[in-house]
2 protein chains.
Amino acid sequence: MSARRLARILTRMYAEEMEGQMEPAQFGLLQMMEHMQHCTQAGLANALYMDKTTVSRDVAVMKKRGWVEGGRGGLRVTPIGRRLLADAMPHWQRAQKRLRKALGDDGWQALFAAMRAVDYEASA
Amino acid sequence: MSARRLARILTRMYAEEMEGQMEPAQFGLLQMMEHMQHCTQAGLANALYMDKTTVSRDVAVMKKRGWVEGGRGGLRVTPIGRRLLADAMPHWQRAQKRLRKALGDDGWQALFAAMRAVDYEASA
DNA sequence: GGTTATAAGTTGTATGTGCAACTTCCTGTC
DNA sequence: GACAGGAAGTTGCACATACAACTTATAACC
């Protein structure tokens, strides 16, 4: 199952570049929350193709840490969370750069094209 | 982390097509074992970019079921395992077809190109 | 306000996975 | 044969994830 292998490889790489700053999964959730603004957990789960229980639990942890607040359609990133996100950004960008370098421009485009296509299939 | 989302989407899709015949992970392991012939668990783990403990546990389950036997460099698929693999093949092929249809030829090539590139990065 | 339906969210439980530490086995050297 | 080193493989523990069942909150309607 190559897609899972792909995910494992990429996750490890991102985790390395993040240097314990933040788990890749948390980063993804925070980023999506910031993007969606005042969202529901259900919406998050759909957007990230995650199970709502996983989202519920991850969000609970982040709430406890003060990174996010609200709920029932009013979930949003706190200033603390926002600062963490900003701090983690350079690391994430370094990971992106590393990946892009490894793949080359064509490979990079191919990866994102493939992901978009799979997204489309998943929402059909 | 889009790669994880990709993996989740694909895993679900393959699981659907497999119809409980066999877990996608097991299929992947069995297939790789059949391909490698008389392999080590460590070799499997490397090939699939899996953690050796996970491989150890998965292989233990499959041994118990009589799907595989041997070890210490002599791991191989039993006739039972081979038959299961053959039975699962049409399902897996259907999943591949479905994915290919969804992605289109370009997207299909892009996905595999991306995976090969990431593989290359992971082994560097 | 009361009722109903449904979406949002949580809890219980089971399974899968990975890190660290450990054990076993094999190979090479003397 | 004895010993050492390293590879192969296992175990303990913690965390991540998902299915099913359940609870809570919200919106619509009367």
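Letters go in sequence order (proteins before strands), and every chain restarts at 1.
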| message | The test is side-chain contact (heavy atoms from CB on, under 4.5 Å); show your working for L75(A) and T40(A) and say whether it passes. | response | CA-CA 6 Å; L75(A) 204 50; T40(A) 62; over 6 Å; no

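- What separates NE2 of H38(A) from C1' of dA8(C) is a distance of 17 Å, to the nearest Å.
- The OH atom of Y49(B) sits 10 Å away from the P atom of dG18(C) (whole-angstrom rounding).
- Note on V61(A): it does not cluster hydrophobically with M22(A), by side-chain heavy-atom contacts below 4.5 Å among ILVMFWY residues.
- A 4.5 Å side-chain heavy-atom check between W67(A) and V77(A) finds every atom pair outside the cut-off.
- Looking at heavy atoms from C-beta onward, Q31(B) lies out of side-chain contact with M36(B) at the 4.5 angstrom threshold.
- Residues satisfying the side chain to side chain contact (heavy atoms under 4.5 Å, CB included) test with N46(A), not counting sequence neighbours, are none.
- M36(A) places its CE atom 11 Å from the P atom of dA8(C), with the value rounded to the nearest Å.
- Following rounding to the nearest Å, M62(B) (CE) and dG16(C) (P) show an atom-to-atom distance of 11 Å.
- dG16(C) atom P lies 8 Å from atom CG of D58(B), rounded to whole Å.
- Linking ILVMFWY side-chain heavy atoms closer than 4.5 Å, directly or via other members, places I80(B) and L29(B) in a single hydrophobic cluster.
- Contacts classified as salt bridge (charged side-chain N to carboxylate O under 4.0 Å, His left out) and involving residues 41-69 of chain A (residues at least two apart or in different chains) are given here: E69(A)-R76(A).
- In this structure, S56(A) reaches the bases: a heavy-atom distance under 4.0 Å links it to at least one base atom across the strands shown.
- In this structure, NZ of K64(A) is placed 15 Å from C1' of dT10(C), rounded to the nearest angstrom.
- Here dA8(C) presents its P atom at 14 Å from CG of D51(A), a figure rounded to the nearest Å.
- Between the side chain of R72(B) and the base of dT24(C) there is at least one donor-acceptor pair of N/O atoms closer than 3.5 Å.
- Residue T53(B) has no polar side-chain atom (N or O) positioned under 4.0 Å from OP1 or OP2 of dG18(C).
- In this model, a side-chain donor or acceptor of R57(B) finds a partner on the base of dG18(C) within 3.5 Å.
- From the 5' end on, the contacts that DNA chain D makes with chain A at under 4.0 Å to a non-hydrogen atom open and close at dT17(D) to dA25(D).
- Between M50(A) atom CE and dT10(C) atom C1' the separation is 15 Å, expressed in whole Å.
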